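These numbers come from a predicted model, not from an experiment. Order of appearance sets the numbers: ligands from 1, and atoms from 1 within every ligand. Only this structure's heavy atoms are used, side chains among them; waters, hydrogens and symmetry mates stay out.
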Amino acid sequence: MTVDKALVTKTISLKEYGINNAKVNYQLSPKKLHQISIEKGMGQEASSGALVINTGEFTGRSPKDRFLVKDEITADKVWWGDINLPFDTEKFDALYNKVTDYLSGKELYVRDCYACADKEYRLNIRVINEYPWSNLFAYNMFLRPGEETLENFTADWTVVNAPGFKANPETDGTRQHNFAILNFKRKIVLIGGTGYTGEIKKGIFSALNFLLPVYANTLPMHCSANVGKKGDTSIFFGLSGTGKTTLSADPTRKLIGDDEHGWTSENSVFNFEGGCYAKVINLSEENEPDIYGAIKEGALLENVVVKENGEVDFGNTSITPNTRVSYPIYHIKNIQQPSIGYTPKNIFFLTADAFGVLPPISKLTPGQAAYHFISGYTAKVAGTEDGVDEPVPSFSACFGAPFMPLHPAKYAEMLSAKMKESGVNVWLVNTGWTGGPYGVGKRMALKYTRAMIQAAMSGNLGEICYENYHIHSVFGLAQPRSCPNVPSEILSSRKTWNNDEGYYKKAHQLADAFKENFKKFASYANEETKVGGPLV
Ligand code: ATP
Ligand code: MN
């Protein structure tokens with residue numbers, strides 16, 4: 001008889017963490033975690049076989065409740081401010097003890113896993129979860145060590161995740177009852193009061209975003225990545241909802257990863273994670289077949305509404321518009337294994353411009369690339385009470401400021417150097433509105449965005465010259481005049497408006513917002529970067 005090694009159960013003690021008398025479920029299979037979640041009444045199975053759960057009070061990250069312990073490691077390296085909030089060492093120790101007391105005596109789920117697909121950079125992680133489905137998330141999203149390496153596994157970092165624990169802001173030093181705190185000295189990510197799983201992965205991402213540039217001369221990036229048949233790597237930067245996950249899932253290219261990567265000094269690009277975390281609002285099999293197909297047994301759907309027949313109603317946003325699914329990367333058919341690519345040939349900056357101003361695709365000069373990277377523009381569509389929705393410009397340095405502990409100039413410098421050295425093409429892609437701003441125009445059709453990206457990657461947009469490109473009079477961006485499989489009229493945002501006056505008014509408004517935002521970085525930027533901004 002052969003024994004399935006994965007089924008051999010071993011257990012571990014959590015005493016060294018100060019967690020006593022816990023019933024530890026160590027390294028359970030996804031199937032088992034799925035089953036337990038249902039048995040405990042925490043989830044249900046969709047007709048696709050995926051587990052559906054509700055993350056509770058929080059259905060998104062809570063950036064105002066994310067802290068970094070300020071100590072001798074971080075004090076003079078972190079860019080402290082509204083994004084990187086300091087937390088006291090003593091307060092952390094006290095809160096940690098409260099959380100571990102809370103977890104003591106409970107049934108817990110523990111997983112040993114790692115981040116960073118390149119073994120040179122591997123970071124071993126132990127995730128301790130209060131809930132079984134959070135542990136399934138950890139299985140899906142982190143890299144999965146082989147049985148043999150589990151034997152002498154030692155964690156470099158530990159994630160302690162207690163969604164049911166509520167802090168007392170007055171005594172614990174938090175803002176409110178929920179928190180996510182990174183401690184670089186103790187190498188702990190402490191999460192309480194929130195069940196939103198994204199906090200787990202973004203906690204480790206934030207840790208790597210500090211560790212890799214400081215200790216390993218590697219640029220961490222909030223981007224997706226894939227690789228073509230000829231080994232050409234593309235990376236896609238962008239804030240939440242701009243299309244990193246959607247556009248990197250391309251059946252003609254091998255997926256490296258959908259959200260977090262490092263660019264090493266040896267010019268390789270590696271995924272930090274072992275899975276994807278896709279938005280599923282309005283997901284359709286027709287538009288996004290790869291992601292749709294990945295939602296099967298093993299996948300974890302969050303905050304979606306299930307119909308009576310067991311099918312998921314992806315159009316229903318009654319719990320949150322931020323409905324999500326996590327799945328291990330091998331649920332996608334065409335993947336690069338291990339998740340490593342070589343020097344990027346093309347970089348895409350994705351923006352969902354709800355003002356409908358930026359061209360759907362444009363090519364950036366090195367100065368423009370640096371400027372737009374530091375700016376990290378997208379637009380948020382905020383609903384107001386009377387139903388009139390006004391887009392708000394949103395700038396997030398390096399297209400990921402909430403996860404970047406160092407000053408944005410540090411990441412920008414590293415990227416600029418890498419861009420120069422590699423001669424990579426850099427493109428700005430507006431996956432947002434066309435034909436007018438939000439409320440008037442509509443979101444760019446996915447098939448056109450895909451066609452533009454395809455054309456850029458295959459060199460079909462041609463060299464920069466007057467015949468091929470028009471220079472945008474406000475932003476100075478080179479926008480192609482034609483693109484295979486895309487109607488030429490949509491390549492100019494201005495033309496899609498049919499209202500030049502209205503268009504230029506909005507364009508100037510947006511340019512002003514860029515300039516206002518850039519002021520705080522001006523003293524760090526060189527001349528080339530400064531002239532990469534709007535022309536007016
Ligand atoms: P996060 O950082 O939160 O994971 P993301 O950058 O990965 O965000 P996606 O999950 O890819 O963003 O979300 C993009 C959303 O926008 C999807 O729901 C997608 O269907 C939708 N969408 C609509 N039109 C487009 C387009 N032209 N290009 C890209 N995405 C589009
Ligand atoms: Mn994503």
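Every atom of ligand 1 with a heavy atom of Asp259 under 4.0 Å away is listed here by number and element: 2 (O). The atoms of ligand 1 that sit less than 4.0 Å from any heavy atom of Lys279 are 3 (O), 10 (O), 13 (O). Less than 4.0 angstrom separates some heavy atom of Thr246 from each of these atoms of ligand 1: 9 (P), 11 (O), 13 (O), 14 (C), 17 (C), 19 (C). Ligand 1 places these atoms under 4.0 Å from at least one heavy atom of Leu239: 6 (O).
If you look at Thr242 next to ligand 1, the close heavy atoms, those under 4.0 Å, come from the backbone and the side chain alike.
Remark: among candidates Ala445, Gly241, Cys223, Gly60, the nearest residue to atom 15 (C) of ligand 1 is Gly241, based on non-hydrogen atoms.
Judged by the 6.0 Å distance and 45° axis criteria, Lys506 is not positioned over the aromatic ring of Phe355. Relative to the six-membered ring of Tyr503, Arg494 misses at least one condition, a distance below 6.0 Å or an angle of at most 45° to the axis. Both tests hold for Arg144 against Tyr139: distance to the six-membered ring centre under 6.0 Å, angle to the ring axis within 45°.
Looking only at protein heavy atoms, the nearest one to atom 2 (O) of ligand 1 is Lys244 NZ, 2.7 Å. For atom 20 (O) of ligand 1, the closest heavy atom belonging to the protein is Glu288 OE2, 2.7 Å. The shortest contact between atom 26 (C) of ligand 1 and any protein heavy atom is with Leu446 CD1, 3.5 Å. Given atom 4 (O) of ligand 1, the protein heavy atom at minimum distance is Arg324 NH1, 3.1 Å.
Donor-acceptor pairing under 3.5 Å is lacking for the side chains of Thr351 and Asp353. A donor atom on one side chain and an acceptor atom on the other are found under 3.5 Å apart for Ser268 and Thr264.
Residue Gly243 places at least one N or O, backbone or side chain, under 3.5 Å from an N or O of ligand 1. In terms of polar-atom proximity, defined here as any N/O pair under 3.5 Å, Ala278 makes no such contact with ligand 1. Not a single N or O atom of Lys202, backbone or side chain, sits closer than 3.5 Å to an N or O atom of ligand 1. Any N or O atom pair closer than 3.5 Å counts here, and Arg443 shares at least one such pair with ligand 1.
With respect to Lys201 and Glu260, a salt bridge is recorded, a charged nitrogen being found less than 4.0 Å from a carboxylate O. Salt bridge status for Lys307 with Asp313: absent, with no side-chain N to carboxylate O gap under 4.0 Å. In this structure, Lys64 does not pair ionically with Asp82, as no charged nitrogen and carboxylate oxygen lie closer than 4.0 Å.
In this structure, Phe179 has its ring center no closer than 6.0 Å to that of Phe67. Between Phe349 and Phe399, the ring center distance clears the sub-6.0 Å criterion.
Among the atoms of Ser224, no N, O or S atom is found under 2.8 Å from the Mn ion (ligand 2).
The closest approach between any non-hydrogen atom of Gly238 and ligand 1 is not below 4.0 Å.
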